[in-house]
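Lettering of chains follows the sequences in order, A, B, ..., and the numbering in each one begins at 1.
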2 protein chains.
Amino acid sequence: MKKTSNLAKTDTSTTLGIEVFCQLRDDLKANRFKPGERLRFENMKRIYDVGVAPLREALSRLTEAGLVVQIGQKGYRVAPASLADLRDIVETRRFLEVRGFQEAVRHGGDDWEEAIVAAFHGFSKVSQRKPATAAERALWEERHSNFHNALMSGCPSRWLLQLWSMVFDHAERYRRLAIEVGHWSDDELGDHKKLLDAALARDADKAGELLHQHIGFSAERLLARIGQILLEAPELKADGHESTVKQDAAVSPKAGRTKAKGRRPARVQTGGNSL
Amino acid sequence: MKKTSNLAKTDTSTTLGIEVFCQLRDDLKANRFKPGERLRFENMKRIYDVGVAPLREALSRLTEAGLVVQIGQKGYRVAPASLADLRDIVETRRFLEVRGFQEAVRHGGDDWEEAIVAAFHGFSKVSQRKPATAAERALWEERHSNFHNALMSGCPSRWLLQLWSMVFDHAERYRRLAIEVGHWSDDELGDHKKLLDAALARDADKAGELLHQHIGFSAERLLARIGQILLEAPELKADGHESTVKQDAAVSPKAGRTKAKGRRPARVQTGGNSL
DNA sequence: CGCAAGAAAAATTTCGACTTTTTTCACTTT
DNA sequence: AAAGTGAAAAAAGTCGAAATTTTTCTTGCG
């Protein structure tokens with residue numbers, strides 16, 4: 001960052017790699033780079049004003065997060081988008097979020113209640129009517145995420161939250177791809193209000209049921225819109241997904257390596273082990 | 001095309017970063033480095049015979065995977081171990097694996113059936129009696145993982161598999177920390193045979209139920225053993241977990257950066273956003 | 001005219017050295 | 001003796017340039 005002028009000397013105890021990771025992740029979620037787009041180092045160096053080392057760290061991490069794909073000796077690309085991927089994301093998110101929300105309803109404390117009330121309030125202020133400008137849409141998306149995040153925050157399982165936030169990030173990328181029209185229900189606010197009420201009433205069953213439906217309905221609209229977009233812009237579409245990362249490579253005692261040559265078919269490298 | 005000469009000159013179309021990532025990941029799962037241990041670059045450079053650049057890429061990715069923790073300007077450490085973490089992992093794994101298995105039972109094809117039969121056969125050959133030597137134990141663990149992996153492989157959701165494999169890796173690290181005694185049931189084989197049978201019978205309900213129980217029972221033994229180990233070796237224990245990665249940092253248009261100074265409290269940087 | 005080879009250009013990956021930050025340790029002070 | 005103080009040593013983080021690989025462009029041949 002250009003520096004927060006005189007005070008607050010840009011945070012030490014962080015690294016450029018981490019900072020770029022955060023920024024790039026947010027830019028990816030905002031579709032500042034389009035799905036499938038190549039991420040060239042020269043370009044990135046200019047944009048984020050860092051050398052290749054921090055960039056590669058950030059991109060490596062994002063690869064593991066699945067937002068970016070590494071291709072052999074051919075650099076990195078934004079993870080492609082596809083309807084199949086979105087369907088999978090939606091279902092997985094629903095599965096995790098329903099559980100997390102129910103756990104939150106069961107175990108959340110006073111602080112959690114306060115958090116969800118506060119988040120709902122913030123959300124309600126931008127949901128009275130459909131957001132028009134880009135800035136309004138961004139704000140709506142942020143408040144919306146914050147609310148779902150707050151609902152989940154009462155869940156005691158760190159791992160569930162971690163995994164959920166991973167797929168939620170991807171869902172957000174698709175959502176923000178479908179900005180403009182569509183993707184807007186007449187009663188976004190009421191829908192979420194019901195979630196809040198069930199949460200405060202500590203009715204886990206009802207909460208789960210409502211959230212299940214809520215995600216289902218939004219997903220329908222989103223899928224329709226994204227299907228449309230991908231038809232119009234086939235350059236964004238996904239294709240060859242393949243795993244490369246060796247699964248269980250036995251022991252690997254000393255590694256040992258020799259500058260060797262050779263040639264092999266390029267392989268895509270996505271997050272984790274598969275996908 | 002140069003051609004793959006006579007004997008496999010170490011794979012091109014991969015990068016050192018990726019290779020180190022795989023090796024280090026496997027070494028971490030095998031507890032070659034102990035939980036909480038500091039991962040110094042000088043040491044790592046010797047062990048894996050690479051420069052810092054590929055190492056940092058690998059460590060970054062492993063941070064996102066949660067197997068490693070980055071600390072500020074103080075380098076990387078192996079993710080600490082704790083009973084609470086293990087409990088969380090076990091529950092999350094169970095949640096994901098039961099669902100994935102059921103989906104596999106419902107949607108798996110002939111290839112899947114063949115895969116699980118084959119994997120079970122391999123597993124059965126090392127499960128007749130309790131493994132004694134370290135090599136036998138490693139082999140048992142591998143076959144065991146392979147079997148569970150095969151069971152899951154029929155699940156059509158790439159995302160569910162991806163997330164599952166992430167927690168499964170962590171579970172494996174704990175399992176292999178509890179090597180020696182304990183952690184061995186009299187009927188490991190029969191237990192898994194039932195899973196296979198339910199799968200082949202396409203009985204999703206029963207399959208889910210059996211797997212739920214199976215994971216529950218193994219977890220009990222594992223938790224007991226790990227509790228014991230952590231008591232004896234308190235230097236492995238986990239403590240301050242905190243998130244650092246900024247959540248939703250708005251837009252971030254140009255980044256811009258200036259070599260700035262300052263001082264701030266160190267923060268731990270774990271996988272994803274939280275945990 | 002198409003198309004394969006090969007040279008030139010561009011891009012990725014990796015290393016080695018430089019910079020900054022943290023850690024260690026001897027030395028002084030209360 | 002405990003606790004600051006401040007240099008020296010060690011370690012992490014970063015850049016720039018070298019080494020490789022991929023991509024593009026040109027040229028020659030069927």
Side-chain angles (χ1 to χ4, degrees), chain A residues 9-22 37-63 68-78 244 255 257-269, chain B residues 1-5 9-23 37-63 68-78 244 255 257-269:
Chain A
K9 334 281 254 164
T10 36
D11 208 347
T12 183
S13 98
T14 187
T15 69
L16 285 185
I18 293 172
E19 297 208 340
V20 173
F21 166 75
C22 292
E37 179 178 343
R38 190 142 177 223
L39 298 169
R40 287 201 191 71
F41 285 101
E42 279 312 313
N43 193 23
M44 295 277 145
K45 273 165 62 175
R46 276 207 323 279
I47 295 179
Y48 296 100
D49 188 27
V50 292
V52 291
L55 270 175
R56 294 188 66 88
E57 282 179 42
L59 288 167
S60 284
R61 256 185 98 160
L62 288 165
T63 299
V68 149
V69 158
Q70 183 176 12
I71 297 189
Q73 301 270 10
K74 305 186 190 153
Y76 295 86
R77 288 175 170 274
V78 178
T244 303
R257 169 183 64 96
T258 352
K259 306 258 177 185
K261 278 93 227 235
R263 187 71 35 110
R264 293 288 176 78
R267 292 282 178 74
V268 180
Q269 172 93 353
Chain B
M1 284 292 175
K2 176 66 138 347
K3 208 64 225 294
T4 327
S5 74
K9 324 283 261 175
T10 37
D11 210 347
T12 183
S13 98
T14 187
T15 69
L16 285 184
I18 293 172
E19 297 208 339
V20 173
F21 167 75
C22 292
Q23 287 181 176
E37 179 178 344
R38 190 146 177 218
L39 298 171
R40 286 200 191 71
F41 286 103
E42 277 314 312
N43 194 23
M44 296 276 134
K45 272 165 62 173
R46 276 206 324 278
I47 296 179
Y48 296 99
D49 189 28
V50 291
V52 291
L55 270 175
R56 294 188 67 90
E57 281 179 43
L59 289 167
S60 283
R61 249 183 106 161
L62 288 164
T63 299
V68 148
V69 158
Q70 182 177 11
I71 296 188
Q73 303 269 8
K74 305 188 190 154
Y76 295 86
R77 289 175 170 274
V78 178
T244 303
R257 171 184 63 95
T258 348
K259 309 257 178 187
K261 280 90 229 243
R263 187 69 36 111
R264 292 288 176 78
R267 290 283 179 74
V268 181
Q269 172 92 351

**Message:** Counting C-beta onward and ignoring hydrogens, is there a side-chain heavy-atom pair between Thr63(B) and Arg61(A) closer than 4.5 Å?
**Reply:** yes
**Message:** With heavy-atom distances below 4.5 Å as the criterion, would you say the side chains of Gln70(B) and Thr15(A) are in contact?
**Reply:** yes
**Asked** Taking only residues two or more places apart in sequence, or in another chain, which ones meet Val78(A) in a side-chain contact (heavy atoms from CB on, under 4.5 Å)?
**Response** Leu28(A), Phe33(A), Glu37(A), Leu39(A), Arg173(A)
[X] [atom1] - [N] [atom2] separation (whole Å):
| X | N | atom1 | atom2 | result |
| --- | --- | --- | --- | --- |
| Phe41(B) | dA17(C) | CZ | P | 18 Å |
| Leu16(B) | dA19(D) | CG | P | 16 Å |
| Gln73(A) | dA10(C) | CD | C1' | 15 Å |
| Ile71(A) | dT13(C) | CD1 | C1' | 15 Å |
| Glu57(B) | dT14(D) | CD | C1' | 14 Å |
| Arg38(B) | dT22(C) | CZ | C1' | 8 Å |
| Arg56(B) | dA11(D) | CZ | C1' | 11 Å |
| Arg46(A) | dA11(C) | CZ | P | 11 Å |

Calculate, to the nearest 0.5 Å, the distance between atoms [atom1] and [atom2] belonging to [X] and [Y] respectively.
| X | Y | atom1 | atom2 | value |
| --- | --- | --- | --- | --- |
| Asp49(A) | Leu55(A) | CG | CG | 10.0 Å |
| Tyr48(A) | Asn43(A) | OH | CG | 9.0 Å |
| Ser13(A) | Ile71(B) | OG | CD1 | 11.0 Å |
| Arg46(B) | Arg40(B) | CZ | CZ | 11.0 Å |

**First encountered from the 5' end of DNA chain D, between Glu42(B) and Ala53(B)** =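 Its nucleotide being nearer the 5' end, the pick is Glu42(B).
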Check: protein-nucleotides 6-8 of chain D nitrogen or oxygen pairs below 3.5 Å:
none

**Lys74(A) side-chain proximity, nearest of dT23(D), dA12(D), dT14(C)** =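 Nucleotide nearest to Lys74(A)'s side chain: dT23(D).
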**Asked** Which is true for Arg40(B) with a 4.0 Å heavy-atom rule: it touches a base, it touches only sugar-phosphate, or it touches nothing?
**Response**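 Sugar-phosphate: the residue Arg40(B), judged by heavy atoms under 4.0 Å, touches backbone atoms but no base.
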